[in-house]
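Shown next, in structure tokens, is the structure this report addresses.
Both ligands and their constituent atoms are indexed starting at 1 by order of listing. Throughout, numbering of the chain's residues begins at 1 and tracks the sequence.
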Amino acid sequence: MKALTVLPLTAGSARVEDRPDPVPAAGELLVEAVALGVCGTDREIADGEYGWAPPGADRLVLGHESLGRVRTAPAGSGFAEGDLVAGVVRRPDPVPCGACARGEFDMCRNGKYTERGIKEIDGYASELWTVETAYAVKIDKRLGELGVLMEPASVVAKAWDQIEHVGKRSWFEPQRVLVTGAGPIGMLAALLGVQRGLEVHVLDRVDAGPKPAAVAALGATYHSESAREVGERLRPDIVIEATGVPEVIADALAHNAEYGIVCLTGVSTAGRKIHVDVGGANRDIVLENDVVIGSVNANLKHYADAERALAAADPAWLGSLITRRVQLEDYATALKPEPDDIKVVLTF
Ligand SMILES: [Zn+2]
Ligand SMILES: [Zn+2]
């Protein structure tokens, strides 16, 4: 079978190579790949900035946003040939820490977790892959190819879960949410906001193309002014930050409502310095009982939440998020972002 692999921490090492077909172990599904979402994490790994090969191997099979069709399933597993599935990304650390021991591997406390296609386990960028039934999520057949959005949707479902947990520490009836960044995470965060009946605003740099159109189609409001202008005007109860851009983060922290919750989901590169009035930010956060939370990854509960959110969404709208489809062999073009990209998908 063909697989897209990289030599971790080596820029330009990505290649499609032949690998032996995987053989499912007991309790595992054998899955034919249908599609694979590509995101900033894959680009970072391909650029040699991130990623770990499995123990004893040099190369890592890339890919963590999976969608496949079951070829074989263990009897009595609840899965059958032809089912559409996505594989979960993270696995609990072997110790395990208290969080992993309770199924909250997205909250791992010792950093020894592993991740398919990222950290020490081969990913899903291959024509065939196997996955433990416990880490396979069945996808409604009506979603079809749109099931490739399951993994980013799970990340967003976790972010909302965190926001709601934090909100419940006092009276909490938020009205207005600002999402910064109209990539797949931002768009899906906006979707889950609309599904909650909130007034949703999305901010991005571009002022034309598929992003403003998709936000409008959702019934949300699109903005392309600075985060400062938009934040000052809207004073959102909730901010979901999905750009990782330092200036946008600083404005998100500075301009929100009393009892504001800012959820940071974007991973930025360290080292770019900007001037921030930390005293001013501190005063706002203290005097308004604001909270800033970081959120990454997702556990099985969040995949279930994501499944419900995708099933309730308009399939045509979800389809508008997939702005480029690229054959596995042309992975290099998929790894190169284009300005109008929302979600780029490798097809098999
Ligand atoms: Zn991703
Ligand atoms: Zn752990």
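- Closest approach between the Zn ion (ligand 2) and any N/O/S atom of Asp93 involves OD2.
- Relative to the six-membered ring of Tyr222, Lys211 misses at least one condition, a distance below 6.0 Å or an angle of at most 45° to the axis.
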Can you list the steps and then say if Asp305 with Arg308 is a salt bridge (Lys or Arg N to Asp or Glu O under 4.0 Å)? CA-CA 5 Å; Asp305 293 345; Arg308 280 190 292 275; 2.7 Å; yes
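- The closest side-chain donor-acceptor pair between Arg169 and Tyr259 falls under 3.5 angstrom.
- Side-chain contact, Ser295 with Gln162: no donor N or O sits under 3.5 Å from an acceptor N or O.
- Atoms SG of Cys97 and SG of Cys108, as seen from the Zn ion (ligand 2), are separated by an angle of 120°, to the nearest 10°.
- For Glu65, the N, O or S atom with the smallest separation from the Zn ion (ligand 1) is OE2.
- With the Zn ion (ligand 1) as the vertex, SG (Cys39) and NE2 (His64) define an angle of 100°, rounded to 10°.
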